[in-house]
**Student:** 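One structure follows; several queries about it will come next.
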There are 2 protein chains.
Amino acid sequence: MKENLQPDDILPSEAVLVDMFGVSRYTVREALALLEQDKILYKIHGKGTFVNKVPIQVESGLEKLESITDIIESFGYKPGTVWADIKESLPTRDMIQKMKLKPKEKVITFTRIRTADGKIAAYCVDTIKRSNIVGDIPKNIDKESMFEYFEENFGIVPEYAIADIIPVLPTEEMKKHMDIKESQLFLLLHQVHYDKEGHPQIYSMDYFNPDIFKFKVNRLRHY
Amino acid sequence: MKENLQPDDILPSEAVLVDMFGVSRYTVREALALLEQDKILYKIHGKGTFVNKVPIQVESGLEKLESITDIIESFGYKPGTVWADIKESLPTRDMIQKMKLKPKEKVITFTRIRTADGKIAAYCVDTIKRSNIVGDIPKNIDKESMFEYFEENFGIVPEYAIADIIPVLPTEEMKKHMDIKESQLFLLLHQVHYDKEGHPQIYSMDYFNPDIFKFKVNRLRHY
DNA sequence: CAGTGGTCTAGACCACAAG
DNA sequence: TTGTGGTCTAGACCACTGC
């Protein structure tokens with residue numbers, strides 16, 4: 001059997017794979033479906049199953065929801081946090097609307113300055129409902145990744161997010177806590193994270209330093 | 001049977017649906033999988049299948065490749081063009097690399113200032129290979145949509161694009177042609193468009209006015 | 001424990017592509 | 001017509017949830 005598959009090589013037919021691996025056709029098709037989803041294979045009805053070009057393996061872009069820690073690591077940097085703050089407050093009008101809060105419902109805001117190899121990478125402000133936290137407000141964040149922290153402590157598991165992308169200059173708050181130039185541009189990802197059921201879970205404003213992050217999006221013409 | 005399904009209502013179990021419709025469980029599951037893909041339903045292992053909220057029907061974001069004309073229209077504005085220019089030139093180093101050009105291969109650059117309801121919306125620079133054009137270089141662009149123009153005149157049909165998202169201040173070129181403030185922020189979509197076979201077709205730098213465009217991305221945790 | 005969705009087998013027929 | 005992938009049936013066992 002050929003080991004080094006080339007682009008557009010044809011795979012053995014499903015019937016053959018069934019014999020080769022001694023599993024049912026359903027199982028074969030499930031496996032191929034996964035590889036097809038990852039754009040490693042493509043199928044043509046009546047012809048066969050083929051190997052895709054490798055460069056189609058587009059590097060993942062913004063359309064994939066990842067923790068900032070993972071993003072920093074995927075750029076080859078070492079993630080860090082140089083400052084963090086946890087505050088209880090009343091929500092802004094925008095939070096009330098997007099998070100579907102009751103007008104007087106308290107929220108908790110986690111603010112952190114993230115670094116990549118020690119350089120300022122992002123200013124992250126994440127807000128969740130007060131009611132997500134049982135008991136006292138935590139004094140510090142014991143995880144690098146906010147996603148892990150929210151999941152393990154409060155059972156918040158974001159499944160998808162809708163992000164507004166906005167070019168901005170630093171806010172007063174940011175200048176207070178970070179040593180940056182007045183004219184330093186940031187890319188603000190203003191997003192709401194939702195759980196599997198579609199309930200808003202996290203309201204976040206992440207300001208990314210474009211000198212560190214090169215954000216990509218894969219854009220498709222047809223769905 | 002209940003007709004008006006509410007969010008988070010539970011659906012009959014797969015076994016029940018099998019009896020109800022007299023089909024196999026495979027068929028039931030295929031149907032549910034489609035509805036789940038469209039985020040109309042969600043499943044929880046061991047519990048059941050539930051109805052999602054309607055507003056989850058997320059509006060399309062940057063992950064969908066559309067012409068700027070369509071984007072302007074989808075925001076409810078009337079698209080227009082106040083200035084256009086067509087030039088032949090040698091490619092930049094970045095173009096050579098990303099478009100896989102021969103070093104001395106000529107390119108054609110189309111520059112346009114797009115408006116939405118008359119307000120400055122975007123500064124668009126699209127570059128294609130000289131060899132895409134048979135005969136003389138056109139003097140003007142007879143379409144509002146660049147995608148339509150490229151397709152009808154040169155047979156260029158972009159299928160997907162990879163975009164870098166960069167916050168920027170206006171370039172000298174932009175200030176020369178547009179009446180804008182020095183400090184006006186723009187969102188640059190620096191992108192390469194590819195055809196179905198994965199060959200680079202269009203190299204474009206689109207500078208969007210964030211006062212007009214509210215760019216969104218739908219971000220998914222898992223694929 | 002019972003009931004749910006997740007995975008799998010074994011077999012059938014249909015729809016499409018190419019000689 | 002042959003061989004491919006696409007759809008479907010009927011049945012089984014597993015993994016998770018909640019009582």
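Sequence lines set the chain letters: A, B, ... in the order given, protein chains first and strands last, and positions in each chain run from 1.
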**Student:** Take the angle between the ring planes of A:Y123 and A:H177 and call it parallel below 30°, perpendicular above 60°, tilted in between.
**Tutor:**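 Rings of A:Y123 and A:H177: parallel, as their planes differ by under 30°.
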
**Student:** Tell me the interatomic distance from A:K43, atom NZ, to C:dA15, atom P, rounded to whole angstroms.
**Tutor:**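 Value for this atom pair: 18 Å.
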
**Student:** According to the interplanar angle, ranging from 0 to 90°, do the rings of A:F213 and A:F215 count as parallel (below 30°), tilted (30 to 60°) or perpendicular (above 60°)?
**Tutor:**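 Parallel.
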
**Student:** What is the separation between atom CD on B:E14 and atom P on D:dT17, rounded to the nearest whole Å?
**Tutor:**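 That distance rounds to 16 Å.
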
**Student:** So, is A:S13 near the phosphate of D:dG3, with a side-chain N or O under 4.0 Å from OP1 or OP2?
**Tutor:**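 False: A:S13 side-chain N/O out of range (4.0 Å or more) of D:dG3 OP1/OP2.
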
**Student:** I need the CG-P distance between B:L11 and C:dG5, as an integer number of Å.
**Tutor:**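 Taking atom P of C:dG5 as the reference, CG of B:L11 is at 9 Å.
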
**Student:** Does any donor atom in the side chain of B:H193 or B:Y160 lie under 3.5 Å from an acceptor atom in the other side chain?
**Tutor:**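 Side chains of B:H193 and B:Y160: no pair found under 3.5 Å.
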
**Student:** Below the 4.0 Å mark, does D:dG5 have OP1 or OP2 next to a side-chain nitrogen or oxygen of A:T49?
**Tutor:**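 Yes.
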
**Student:** Exactly one of A:E159, A:E66, A:E63, A:Q191 should register a side chain to side chain donor-acceptor pair (under 3.5 Å) with B:R219. Which one does?
**Tutor:**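 That would be A:Q191; it is the only one of A:E159, A:E66, A:E63, A:Q191 passing the side chain to side chain donor-acceptor pair (under 3.5 Å) with B:R219.
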
**Student:** Mark up nucleotides 9-15 of chain D, 5' to 3', with B wherever a protein heavy atom is under 4.0 angstrom from a base atom, S wherever such an atom reaches only the sugar-phosphate, and - elsewhere.
**Tutor:** B--B--B

**Student:** Select base, sugar-phosphate, or nothing to describe what B:L32 touches, counting heavy atoms under 4.0 Å on all strands.
**Tutor:**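 The residue B:L32 makes no contact with any strand.
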
**Student:** Within the 4.5 Å heavy-atom criterion, are B:E151 and B:I156 side-chain neighbours or not?
**Tutor:**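 Answer no - side chains too far apart.
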
**Student:** Rounded to the Å, how far apart are B:F21 CZ and D:dC8 C1'?
**Tutor:**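 Interatomic distance, CZ of B:F21 to C1' of D:dC8: 16 Å.
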
**Student:** Does B:R29 have a side-chain nitrogen or oxygen under 4.0 Å from the phosphate oxygens OP1 or OP2 of C:dG5?
**Tutor:**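 Checking B:R29 against C:dG5: no side-chain N or O falls below 4.0 Å of OP1 or OP2.
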
**Student:** Could you give the CG-to-P distance, from B:L41 to C:dT4, as a whole number of Å?
**Tutor:**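 Interatomic distance, CG of B:L41 to P of C:dT4: 16 Å.
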
**Student:** What donor-acceptor contacts under 3.5 angstrom involve side-chain atoms of residues 133-142 of chain A, with partners at least two apart or in another chain?
**Tutor:**
none

**Student:** Going by an N to O cut-off under 4.0 Å, is there a salt bridge joining B:K216 and A:D164?
**Tutor:**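 Salt bridge between B:K216 and A:D164, a charged N being under 4.0 Å from a carboxylate O: yes.
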
**Student:** What's the CD-P distance between B:E30 and D:dG6, to the nearest Å?
**Tutor:**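 Distance, rounded to whole Å: 11 Å.
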
**Student:** What's the OH-C1' distance between B:Y42 and D:dC16, to the nearest Å?
**Tutor:**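 Those two atoms, OH and C1', are 17 Å apart.
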
**Student:** Expressed as a whole number of angstroms, how long is the span from B:K47:NZ to D:dT17:P?
**Tutor:**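 B:K47 atom NZ is separated from D:dT17 atom P by 9 Å.
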
